[in-house]
Number of protein chains: 2
Amino acid sequence: MKLTDLRIIKTKEALREALLALLNTKALNAITVTEICQLAKVNRGTFYSHYGQIEDLFEEYLEEIMEDLAVSYREPYRHGKPVDPESLNPATIRIFHHIESYKKFYRIVLSKQVPLAYYYLLHGQVCELMKKDVEIQTRIKSDLAMVCAYQANAILGMVIEWHRQDFTKSAVEMNQLLVHILNREFN
Amino acid sequence: MKLTDLRIIKTKEALREALLALLNTKALNAITVTEICQLAKVNRGTFYSHYGQIEDLFEEYLEEIMEDLAVSYREPYRHGKPVDPESLNPATIRIFHHIESYKKFYRIVLSKQVPLAYYYLLHGQVCELMKKDVEIQTRIKSDLAMVCAYQANAILGMVIEWHRQDFTKSAVEMNQLLVHILNREFN
DNA sequence: ATTTTTATTGAACAGTTGTATAATAAAAAG
DNA sequence: CTTTTTATTATACAACTGTTCAATAAAAAT
């Protein structure tokens, strides 16, 4: 199974396109393998030679979106500005914009029926991205992973609530709220 | 469908017991409705008259565990001590102990294949429980739900990492770590 | 104790799932 | 261009799913 084989690339592309098309009409858990394969004009057996279940097909897509999240997150660092430590993690702040621009996609990722694995991918990515910042800012040297998990998931808590409110707020408003919270307008 | 009907109570009980028994042998997503019904000696049609899918059966159980979480959480308040605001939310601190005592159960709730809905139930419960405390401690009066979601999910971030490390740490250690983090040993 | 209500059962149905195998066709390698 | 490799296809299979319906039995109501 070499990933460069044209046949594999074509098949996977067709399957993904079919899935995304179907996701416009129904929820992920209502879509069947049979359906995807019919639309993609791919044999059902072929589907199973690449993926164990539909969720794996979507997960592959999610992983690519996570790559974009990484790019978005690192963007403020790219111009050489050393990220003012006083201005409270302006990088974090790109997360809301990333989600806003993939709103349609995140409605699926955050929907109830979907496997928790998707959330873990998102959380893992945010953890990873915050790692360097947390490393500098925290005095807790041991259990860095725990501090990252705490910080990353706090932000995702806001994302969950944002989604629950059907993304009524704008990404800019979300950022302002985050800054407020980080500035200790509480506790 | 009156919930007091003995037949319903017996049926649901049998189904739950069967599911819990099977969960000792295999993962939730590997269990079939047919299997549960055979073990429970309940007709498959009856299963579907109560639940749409296996996940709903487990969810009903989860809701009861959430009731226990509420009791655990409120425990420190019960003796009339007004919860010292200086001692940094000692109530929160019961969450880790609750999870530790239901460790086996939470391994399922936090497993990858399980629907995100379970996580939402957990998060929603922690939000609800923290609400009163957050209300007092925060200066942000609007968007209280957002602050709660932030705080509650931060703790759950630690729970996720705790689970990822296969619950190696003790609940007491988790508490100490949380106190460290809340005491601003970071940022 | 009898009647009424209704949850459970058994059976059947079309459709989906996951797996296996031989034949085919497409791509890679030489 | 020919050979070799291997991904895809077509087909078949047993098992599970989700639904329906008439018959039954268990509980509730009187």
Side-chain angles (χ1 to χ4, degrees), chain A residues 1-61 108 111-118, chain B residues 1-61 108 111-118:
Chain A
M1 267 246 250
K2 244 193 342 191
L3 323 91
T4 56
D5 193 317
L6 276 183
R7 290 169 294 184
I8 293 178
I9 293 169
K10 282 179 192 170
T11 298
K12 286 193 163 190
E13 205 168 87
L15 289 173
R16 176 183 297 187
E17 286 312 309
L19 176 60
L20 293 180
L22 287 167
L23 279 170
N24 287 321
T25 67
K26 54 176 86 177
L28 184 63
N29 60 328
I31 296 172
T32 69
V33 175
T34 302
E35 230 172 352
I36 293 171
C37 292
Q38 275 172 356
L39 192 57
K41 293 188 181 65
V42 165
N43 189 274
R44 204 162 52 82
T46 306
F47 175 94
Y48 284 109
S49 78
H50 290 297
Y51 307 101
Q53 44 185 333
I54 296 174
E55 282 74 14
D56 300 339
L57 174 55
F58 187 83
E59 186 168 324
E60 200 173 66
Y61 186 45
I108 299 168
S111 66
K112 287 185 180 182
Q113 333 85 26
V114 125
L116 185 55
Y118 298 168
Chain B
M1 269 247 252
K2 246 194 339 191
L3 323 92
T4 56
D5 193 318
L6 275 183
R7 290 170 294 185
I8 294 179
I9 293 169
K10 283 179 191 172
T11 298
K12 287 193 163 188
E13 207 168 85
L15 288 173
R16 177 182 297 184
E17 287 311 310
L19 175 59
L20 294 181
L22 287 168
L23 279 171
N24 287 320
T25 67
K26 53 176 88 177
L28 184 64
N29 60 328
I31 296 172
T32 68
V33 175
T34 303
E35 229 172 354
I36 293 171
C37 292
Q38 275 172 356
L39 192 57
K41 292 187 179 67
V42 165
N43 191 274
R44 205 161 52 82
T46 306
F47 175 94
Y48 284 109
S49 79
H50 290 296
Y51 307 101
Q53 44 185 334
I54 296 174
E55 282 74 13
D56 300 339
L57 174 55
F58 188 83
E59 185 168 327
E60 201 174 64
Y61 185 45
I108 299 168
S111 66
K112 287 184 179 180
Q113 332 85 24
V114 125
L116 185 55
Y118 297 168

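Within every chain, numbering begins at 1; the chains are lettered A, B, ... in the order of the sequence lines, protein sequences first and strands thereafter.
One can place CG of A:Asn29 at 12 Å from P of C:dT17, the figure rounded to the nearest angstrom. In this structure, the CD1 atom of B:Ile9 is 15 Å from the C1' atom of C:dT8, given to the nearest Å. Atoms CD (B:Gln53) and P (D:dG18) sit 7 Å apart, rounded to a whole Å. The distance between atom CG of A:Leu3 and atom P of C:dA27, rounded to the nearest whole Å, is 17 Å. Atom NZ of B:Lys2 and atom C1' of C:dT6 are 11 Å apart (whole Å). A straight line from CG of B:Asp56 to C1' of D:dG18 spans 14 Å, rounded to a whole angstrom. Rounding to whole angstrom units, NZ of residue A:Lys12 and C1' of D:dT8 are separated by 15 Å. Atom CG of A:Leu6 and atom P of D:dT8 are 11 Å apart (whole Å).
Taking 4.5 Å as the limit, every side-chain heavy atom of A:Val114 sits out of range of all side-chain heavy atoms of A:Phe58. Side-chain contact between B:Gln53 and B:Asp56 is present, with at least one heavy-atom pair separated by less than 4.5 Å. With a 4.5 Å cut-off on side-chain heavy atoms, B:Leu19 and B:Tyr61 do not count as touching. Between B:Val33 and B:Tyr51 the shortest side-chain heavy-atom distance does not fall below 4.5 Å.
Taking CD1 of B:Ile54 as the reference point, atom CG of B:Asn29 lies at 9.5 Å (rounded to 0.5 Å).
Below the 3.5 angstrom threshold, one finds a donor paired with an acceptor across the side chain of A:Arg7 and the base of C:dA26.
B:Lys10 comes within contact range of the sugar-phosphate backbone alone, with a heavy-atom separation under 4.0 Å but no base atom that close.
Proximity of residues 30-52 of chain A to DNA chain C (heavy atom under 4.0 angstrom from any strand atom) is restricted to A:Thr32, A:Val33, A:Thr34, A:Arg44, A:Tyr48.
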Carefully, step by step, assess B:Leu3 and B:Ile8 under the rule side-chain contact (heavy atoms from CB on, under 4.5 Å). CA-CA 7 Å; B:Leu3 323 92; B:Ile8 294 179; 5.8 Å; no
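Taking only side-chain nitrogens and oxygens, A:Thr4 never comes nearer than 4.0 Å to OP1 or OP2 of C:dA28.
No salt bridge links A:Lys112 with B:Glu59; every basic N to acidic carboxylate O contact stays at or beyond 4.0 Å.
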